[in-house]
Amino acid sequence: MRLHVNGVVKRFGDNTVLDGVDLEVGAGEVVALVGENGAGKSTLTRVISGAYRPDGGGLAIDGDPVSFRHPDDAMAHGIQVIYQEFRQNLFPNLSVAENLFVREEGRRFGKTLVAKAKMAEETTKLLSGMGMHIDPRAKVGRLRVAEQQLVEIAKAMTHRLKLLILDEPTAALDGQESEELFRQVRRLRADGVAIVYITHRLDEVFALADRVVVLRDGIVALSGRTTELEAPGLVAAMVGRTVDNLFPKQGNGREEIALSVRGLGRAGVFTGIDFDVHAGEILGLGGVLGSGRGDVLRALFGLDRVDAGTVTAAGKPALARSPAAAIRAGIAYLTPDRQAEGLCVGRPVRENLTLAALAGYTGPLGFVRRRKEKQAVAELVEQLHVRAASTEVVVSTLSGGNQQKALFGKWLLTEPTVLLLEEPTRGVDVGAKAEIYRLMNELTARGVAIVLVSSDLPELVEMSDRVLVLRQGRIAAHLHGGEVTQEAVLHHALEAAS
Amino acid sequence: SRPSNAASTPTATNNKSATLIMSTLNNPFFVSVKNGAQAEATRKGIKLDIQNANNSDATALNLATTAITNKPGILIVDPVGSQSGTAEVSAANQAGVPVMAFDRQPAGGNLTTFVGYDATQAGKNAADGLAKALGGKGTIVEIQGILGTNVAQDRSQGFRAEMTKYPQITTVATQSANFDRATALDVMTNILQAHPDINGVYAANDEMAMGVLAALKARNLAGTVKLVGNDGISDALAAINDGQMYATNAESAYALGEQVIDRAADVLAGKQVARNTVLQGELVTKDGVEAYAQHLISIGDAADVPAGLKS
Amino acid sequence: MNPRLRTVLTELRAVWMLLLVGIVLTVVSPVFLTSSNLLNVALATSVTALLASGQTFVIILGEIDLSVGAVLGFSAIITALVLRSQPTVVGLLVGLAIGAGCGLVNGLLVTRTRMPSFIATLATMSILGGLALQLSQGNPVAVTDYDFQNIGQARAAGVPVPVWLMIVVFVVSGLLLARTRFGRYVYATGDNGEAAKLSGIPVHRVKIWAFVLSGLLAALAGFIVTARLSTAEPTAGTGLELEAIAAVIIGGTSLAGGRGNLIGTIVGAFILGVVDNGMNLLNVSPFLQDVVKGGVILFAVLLDRNATAFRALFSRRRPPAPTAEPASPQDDLVRG
Amino acid sequence: MNPRLRTVLTELRAVWMLLLVGIVLTVVSPVFLTSSNLLNVALATSVTALLASGQTFVIILGEIDLSVGAVLGFSAIITALVLRSQPTVVGLLVGLAIGAGCGLVNGLLVTRTRMPSFIATLATMSILGGLALQLSQGNPVAVTDYDFQNIGQARAAGVPVPVWLMIVVFVVSGLLLARTRFGRYVYATGDNGEAAKLSGIPVHRVKIWAFVLSGLLAALAGFIVTARLSTAEPTAGTGLELEAIAAVIIGGTSLAGGRGNLIGTIVGAFILGVVDNGMNLLNVSPFLQDVVKGGVILFAVLLDRNATAFRALFSRRRPPAPTAEPASPQDDLVRG
Ligand SMILES: Nc1ncnc2c1ncn2[C@@H]1O[C@H](COP(=O)(O)OP(=O)(O)OP(=O)(O)O)[C@@H](O)[C@H]1O
Ligand SMILES: Nc1ncnc2c1ncn2[C@@H]1O[C@H](COP(=O)(O)OP(=O)(O)OP(=O)(O)O)[C@@H](O)[C@H]1O
Ligand SMILES: [Mg+2]
Ligand SMILES: [Mg+2]
């Protein structure tokens, strides 16, 4: 099949998000859709999937115009979408099998009564075909992020698949899992499926895509064959300026130790974690997903109880029993799951930004100092370039990347001495990434110590002064200066596997 | 179907137990019935189980069927509805358990005996009393009980029927206050806005009458506006004694309770009992209130006599 | 051991609770464990069970139906009025139609106007309750139709018809929920409505059908009450909605939607029925019966929320962070 | 125009509803718009308003408190019993302590055992209701304490004390919710408990305090009811919880948590109060009053869910997919 998007216009109130977008994708072709946060990529996705109806323009399949009233119609044409916040599109309390076949219409599993056993079989077949081995009866909510991601893809494959749209599918995956995903994408392309692939990672664009379409401010800013394009040109088209240095790393490490961890252990997740972080230093934690990196951060932030070990911040004992305690000890934690744990998406941007630091904006009788708050928020939004209609709109109306910046901003206001970052640039566009990195530099320059967990290897390697590699909950390697390379991190992270 | 003689041929059982199913116990009147029954039961050496149907017919029926499996000497029901009461009675009949009812006649089933006040008559008494107080003319308000309960229906019907005899008395408002004091207070307060110059109020029970009285007091109309209630609860007697309330159709709940157990005792003893005992309430006004108070004390119901009248 | 059975025993702590209560009562009351008494319990439970079965679908959808009690009373009155002049079957059909109609209205309010079902059904509860009173002018409506009375009073193979009805409804709706596509849609929609919509599930139609089912079963329950009493009472259903909801939740179904099953609901209904029965057998003070019942509900739910809940209750430390189990709806009514 | 005021007028359609009802009644009833009648309305509304104010905090937190009516009755009975032998102030303190205590229990059940508040408070409702009956043996408890009676019967500057109490509670809790850090925490927790927790908000403590507040205000409302009647009734609060919840929702607060405000709640309470008052003034058939009230609730909420809801109701096409406006908790009771 061949899908034509012709001059699609989509408005939210007076905010015109798509302003006449054209796009074309054919069978056995991968088109990369890139653009800044808020450019309108996900919105376009939802227009194609029938979740939104365009305010102008339209779609055509193999030449004849179609209009989708709701997702059903799009699916009828073999169009499947894996949305950006894909976990919002799974059923955590349903089994893997039920998730895959939730829409199974045919008589495939029995006329009136569903044969659950048969359904489970089919599921196992389908997943093992993708190199996945998980219990089809397991509840999806119990799976790891990556596994959920793959389930989502498998789900799409249960349908007659002609066009697959993936909206930042690797945002939550690490290198290894991304590779698995790429295999699947290539397989589908080989099977003649048309694919629209949305990402902020240029390496992926050049690795996967046949053509690239760049969205900026709701219009197509650039479009062409990947073979004819260069990374800098793409970036320029995306952000409207040239981003010279993506990783403007500064070494701001100081003598004094900001955070010191000794013998930290949590049964079944990690053990014997020792490390010091100096003020102004960025310490990277490497490892595959499930290695326990994240759990170390969660433990340090008082979210998970530890069974062993001591933590001292600025010389004082700082083994937090609750986030509140951690925050008091000057520790901040940026969760990788902004939707579920990070933001109150139904509340205004302002309230979200000051939520963790509200004590500082509270006057007598617990009244909030509105003026002081507004001022601080205004400055922050300015500093982070958060794209929002105003600081009073609810966060859910912000694009993924802008939500991420807002989340970052919330922690800046707490003026932490130790900043625990987990996937800080997940779903953030190159421009914003650069800003966030610059921000990290500013902070380290001010003496803030940063512990960085990231599945984005280049980021981890480029931004960290030192890297600890975790494997199965243990420190597998401690990389300094020159040793800090992607290869080294991967090697130590996967050694057990290989 | 009226009870046939067949069922009531008395048979002495040595089983001295009785199960009493009350329609409700969230209401002082029935609480007082319960007290009277319990007192009498202890005197007569009868083991008395008491259950509360919370004004639900279905619950009442479930209680009855459960009670029957316990095979009591007699089942005593206070039907929530006269129609649904039938089901309880027939259930007992089928199990061969003697069954009597009080306060509300079940429509069918073989009843050994019935004791109760006449709700329709109660409404009539109140109407006559109120008419007398108003000298046969004026404007009045009727406050009804819980809609959908027989007693509310019957009192209201009796009251209205009797009122037709007094053409110069007009009922300007009829509202329900669910036999509830607080509700009556708000409802009456509102009505007084629309009709500030009414001469009388009939409240289908004294609980509501007390709420009405609170509303009247707030407008300094207590005593001026003639208020008639029903039941003769302690607060009402006090109000009548203070001249704030005109009268109540006093139906001593405690006495009812005693009567019920007396009949039950006779049945258990195998004595022949009257099929139907209809107790009449008496309209108690200021003149009669002391006498009535003494009467209550004499039957051991001091609990329902206000302090002011205990001497 | 059959996995299904194992799930029931391990996940469905309500069963233990039922056994517990049953054993206690068997010990303290000679009558409790007699077949006749157990049939009473079943008979008394049948109405709650029917209402709770429909409610289960609604609650798994993440909605709630407060109007079932009122629907019961309203359709009962209309059925009784119709039966005065019409043959039994007509009365039954009209009654069921009314129930379904009320459910349809609830469903439309919830889906089309996107009202919270709590308030929408609270309103219809009030409206239908009033209409029932208006139609009957507050008077009970006698039913003399013999065939109809049999619905409540006859027995088949020694078992009262209402109990048979309960069994049939349980089996049918149990299969509908656990084994059909509709059932899967119900779980999916309740678990994640957005995702359901994006997966192309006709979310609105699913919800509407669930409310219709709830209304139908309420009407059926109304038949039982009316037939047992040979009378339709306008207020017959008052308060039954809370009883039904309690049964569903005791049975382990989550108000947050997406999880639950019908076995649990029936067990929950029986726990309530057995407790009522027991308190009557033991002649517990009427005033204290509400206290006991409330206590049992608390205890049953605590048990269902599993032992950790108890520890939590008496220990300083707060319960394991919800993250540990995905979308643990126990946390609160809304977000889980 | 003052932005705050603009929001109230544009977002708070409940205000329009109140005006609408008010205008209609002014036209059809000469007495309605008299100062004395309006004071009555305020007086009659005060109890619901107090209960609804506490309920607003609970509901914004995504929880619900079904026990307020029972807490009202329970604390009222205890207060009355204490007043028999103790000075006024002791009675008041004990009453408030009881209310707060009940709230604390609810809060602990909801936070520590992670029970859904719906079922937890349903259970405590049943328990407290039973205890109130047990303590009073089903009889009303007279209160002769003159000072106490004044709480319900005295006037200051021509305005009944309960109305003053309502005003004070409204202002204080309104500020608490809209302007203080605690209020901010309530909204955040209700919107996303996990995110709130990770922001260092003591989520459990916030919830417990909200339930305590709800209990306190229920006790206060109990004083008013008791003082107006000079009697405490064990069943005084029955059904008031639904009235209060209806007021909150009519006022535009979302059962899904995270959104709502106290102005709306008060307006909602007044809508219900005015309708009651109007129906009495117009001597509407008692049978039909429930119907009217249910209709008004429906209409008010529809209006609040804004005009589109109406169109949706009568148009084929379903309402704009919720995705279009983020986090629209109207969708359903649970996930919004
Ligand atoms: N439901 C909505 N209501 C109002 N505005 C919206 C809504 N959804 C998206 N927007 C706005 O539309 C613009 C585009 O959003 P979209 O999610 O398509 O961006 P994106 O290209 O996917 O960005 P990202 O790379 O961060 O995902 C953003 O400015 C966002 O604020
Ligand atoms: N709620 C849960 N239920 C079951 N297993 C879990 C749960 N949370 C974490 N795990 C498992 O614990 C291990 C450590 O998880 P963790 O999140 O620390 O991985 P990670 O290295 O942090 O990956 P990420 O980069 O996604 O944070 C993983 O195997 C994960 O699947
Ligand atoms: Mg996007
Ligand atoms: Mg992690």
Side-chain angles (χ1 to χ4, degrees), chain C residues 62-64 108-120 122-127 129-131 133-134 137-138 192-194 197 204 242 246 249 254-257 285 287-291 293-295 297-298 301-302 305 309 312-313 318-319 322-323 328-335, chain D residues 62-64 108-120 122-127 129-131 133-134 137-138 192-194 204 242 246 249 254-257 285 287-291 293-295 297-298 301-302 305 309 312-313 318-319 321-323 328 330-336:
Chain C
E63 304 286 345
I64 198 162
L108 287 173
L109 284 172
V110 170
T111 53
R112 283 206 187 287
T113 76
R114 316 228 312 287
M115 265 192 177
S117 48
F118 186 98
I119 194 73
L122 181 63
T124 48
M125 165 171 109
S126 167
I127 292 174
L131 288 177
L133 285 168
Q134 177 66 20
Q137 284 301 305
N192 186 346
E194 251 327 282
K197 208 174 272 145
H204 286 186
L242 291 184
I249 300 175
S254 151
L255 278 168
S285 147
F287 295 133
L288 288 180
Q289 295 197 1
D290 288 347
V291 180
K293 202 155 175 185
I297 294 178
L298 274 188
V301 178
L302 279 179
R305 297 282 169 277
L313 188 55
R318 38 170 77 96
T323 46
S328 66
Q330 292 83 335
D331 299 19
D332 63 37
L333 173 61
V334 167
R335 192 164 284 86
Chain D
E63 305 286 345
I64 198 161
L108 287 174
L109 284 172
V110 170
T111 52
R112 284 207 185 283
T113 75
R114 317 230 311 287
M115 261 193 182
S117 48
F118 186 98
I119 194 74
L122 181 63
T124 48
M125 165 171 110
S126 170
I127 293 174
L131 288 177
L133 285 168
Q134 177 67 19
Q137 284 302 304
N192 183 349
E194 269 310 292
H204 285 185
L242 292 183
I249 300 174
S254 153
L255 279 166
S285 147
F287 297 127
L288 287 179
Q289 295 199 357
D290 288 346
V291 181
K293 203 155 176 185
I297 294 178
L298 274 188
V301 178
L302 278 179
R305 297 285 170 277
L313 190 57
R318 31 171 82 98
T323 47
S328 65
Q330 291 84 335
D331 295 15
D332 62 37
L333 171 61
V334 166
R335 190 162 292 86

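All values derive from a computational prediction rather than experimental measurement. Just so it is clear: chains get the letters A, B, ... in the order the sequence lines come, proteins before strands, and each one is counted from 1.
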Item to check | Non-hydrogen atoms of C/Leu242 and D/Met125 that approach each other most closely | outcome: CD1-CE, 3.7 Å
Next on the checklist: Which atoms of D/Gln137 are under 4.5 Å from chain C, going by heavy atoms: the side chain, the backbone, both sets, or neither?
Outcome noted: both
Checklist outcome for this item: Looking only at C/Leu288, C/Ile297, C/Thr124, the option with the highest number of non-hydrogen pairs under 4.5 Å against chain D is C/Leu288
Checklist entry - Given the rule in the side-chain contact (heavy atoms from CB on, under 4.5 Å) test, do D/Gln134 and C/Asp290 qualify, once you have shown the distances and angles that lead to the verdict? => result CA-CA 10 Å; D/Gln134 177 67 19; C/Asp290 288 347; over 6 Å; no
Item to check | Shortest non-hydrogen contact from C/Gly294 toward D/Ala123 | outcome: O-CB, 3.6 Å
Next on the checklist: Applying side-chain contact (heavy atoms from CB on, under 4.5 Å) to C/Ile249 and D/Leu122, what does each step give before you reach the verdict?
Outcome noted: CA-CA 11 Å; C/Ile249 300 175; D/Leu122 181 63; over 6 Å; no
Checklist outcome for this item: Here the gap from C/Ile119 atom CD1 to D/Ser254 atom OG, rounded to the nearest 0.5 Å, amounts to 12.0 Å
Checklist entry - Among C/Gly130, C/Ala120, C/Ser126, which has the most heavy-atom pairs under 4.5 Å with chain D? => result C/Ser126
Checklist entry - Do you know the tightest heavy-atom contact between C/Pro116 and D/Val301? => result CD-CG1, 4.5 Å
Checklist entry - D/Leu298 and C/Thr113: side-chain contact (heavy atoms from CB on, under 4.5 Å), yes or no, with the steps? => result CA-CA 10 Å; D/Leu298 274 188; C/Thr113 76; over 6 Å; no
Item to check | CD1-CD1 distance between C/Ile64 and D/Ile64, expressed to the nearest 0.5 angstrom | outcome: 7.5 Å
